[in-house]
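Data first, discussion second: the structure below is written as structure tokens.
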2 protein chains.
Amino acid sequence: MGRCENCIIRQFNSLRAMNKEELKRVSDTKTTKFLKKGEIIFGEGDKLNGVYCVKGGVSKLSKLSPNGKDQIVKLATKGAVLGQRSVITEEVANLSAIAVNDMEVCFIPKDAIVDTLNSNPNFAVEVLRHIAHDLKEADDVIVNMSQKTVKQRIAEAFIYLETNFGEDQNGYLALTLSREDIANVVGTATESAIRIISEFKKLGLIKASGKKVAIANRQGLNDVAKGA
Amino acid sequence: MGRCENCIIRQFNSLRAMNKEELKRVSDTKTTKFLKKGEIIFGEGDKLNGVYCVKGGVSKLSKLSPNGKDQIVKLATKGAVLGQRSVITEEVANLSAIAVNDMEVCFIPKDAIVDTLNSNPNFAVEVLRHIAHDLKEADDVIVNMSQKTVKQRIAEAFIYLETNFGEDQNGYLALTLSREDIANVVGTATESAIRIISEFKKLGLIKASGKKVAIANRQGLNDVAKGA
DNA sequence: GGAAAAAACTGACAATTGTCATGTTTTAGA
DNA sequence: TCTAAAACATGACAATTGTCAGTTTTTTCC
């Protein structure tokens, strides 16, 4: 089992503001878990006894709406710390976290986090910065959701996937989502998403091989996203 | 000019975690401002040199979407601290803050906030709790926006206004919003909002006298909000 | 490799929502 | 109090999006 002190992932999240002893404590109490695609890290309403630091793979953070549809609020990848918010506010989880592909995560019991928050202002401020950034992103999502058409949001989603997860060696988006997941990200019916994706293919904006999608005309997609 | 040490508003926000000296510093550097309905506290893209503590009145926090429509992300009332997020992340404001009715706010230069964040973990954690709570609310708004109909969201908006701002002595909602503002809260066209509000009146769910609105059938409104 | 299951896709249609045009009422200010 | 401006309201129609009912393709796993 690796030591947090040597973990490069830490540079991407708030744990980098911990000092040596604090980090040692985290390292001594953490446990590493491997999850297969589709497995649940935690569910809406679960009481969380710690946070999950994502070492590899991607998780979708989603919430079930009363009408039975899932809304994906965020995709979390390497470096993300899941469950942080719930641990801070001492509430049950507001979102579910489900593995989109195979994942490796470290579970860190909450005491190590909470105690450090209360004693090390650098760490508290660093966590604060991250959560504040998440809040800004969430506000932007609210605006997108309510002011853009489904077509625009799907175009944006592809651009988002490219800029955040990159492409594989063949130029396909490195993160492959099912049509249903894409629909749940942009908040529309699966059929609507499929229809628009087909249209994008016909227009030559993207190309697809099975579920793999590649951006074929970035500028064109951008124009659609901007409503041109 | 009042002293922060004696200000009851402080009990509602993160400033309650400040100690005597810190509070004294805030009190010595703060300035009080009075704003009329419609006045701008700060605008999207402004560089903020401090935060605004709301002593009275209500502000709408909104963002202009590329299509020229405003999306109201949040309504802030007594006790809210505006601009906190931007000061923490050292970014320009992501949202505009505009007075919905006459307001009184205290401007607190950012140094007093930032220095305390860096030195007093209690304060940092208290701010963290507030921002974390805001984040949860924002996530919930995302789900509502994307999974509920305009009718449901308008019904919810009235219930929200009642539970958060209360009623006046005649039973009307204490906070009166224009139809346009309501449309901008729920993310729809003004005409659509007007139509649905008219429908609610016909159904006896609400009654209206001019722009003042009263909830006439809470259970019925609730049913609409839940999609029954 | 083949069967079963899951995912992707398509068409037809209905419901919701947006837009534009216009009239009416309310509000604010001289 | 009167008037102009703003806000509210409504109709007609178009565009977007959702739903249902299927078919086809892809994936999974024995």
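Not one N or O on the side chain of B:Q147 forms a donor-acceptor pair closer than 3.5 Å with the backbone of B:N144. No donor-acceptor pair closer than 3.5 Å links the side chain of B:R179 to the backbone N or O of B:I194.
D:dC8 atom P lies 12 Å from atom CG of B:N184, rounded to whole Å. As rounded to whole Å, 11 Å separates atom P of D:dT10 from atom CD of B:E199. Rounding to whole angstrom units, NZ of residue B:K212 and C1' of D:dA7 are separated by 16 Å. One can place CD of B:E180 at 11 Å from C1' of D:dC8, the figure rounded to the nearest angstrom. Rounded to an integer number of Å, the gap from B:R195 CZ to D:dG11 C1' is 7 Å.
From the 5' end on, the contacts that DNA chain C makes with chain A at under 4.0 Å to a non-hydrogen atom open and close at C:dA8 to C:dA12.
Counting only heavy atoms from C-beta outward, the side chains of B:T77 and B:L175 never approach each other to under 4.5 Å. Counting heavy atoms from C-beta on, the side chains of A:V141 and A:M145 come closer than 4.5 Å.
Of the options B:K211, B:K37, B:K60, a salt bridge (charged side-chain N to carboxylate O under 4.0 Å, His left out) to B:D181 is made by B:K60 and by none of the others.
The nearest heavy atom of DNA chain C to B:I196 and to A:K202 marks one nucleotide each, and the one closer to the 5' end goes with A:K202. Nearest-nucleotide positions on DNA chain D place A:K148 closer to the 5' end than the other of A:S209 and A:K148. Ranked by how close their nearest DNA chain C nucleotide is to the 5' end, A:K201 and B:A189 are led by A:K201. Across the interface with DNA chain D, nearest-nucleotide mapping of A:S192 and B:K211 shows B:K211 to be the residue nearer the 5′ end.
Looking at heavy-atom distances under 4.0 Å, B:T190 makes no contact with the nucleic acid at all.
The cationic group of A:K33 lies under 6.0 Å from the six-membered ring centre of A:F107 and within 45° of the ring axis, placing it in a cation-pi geometry.
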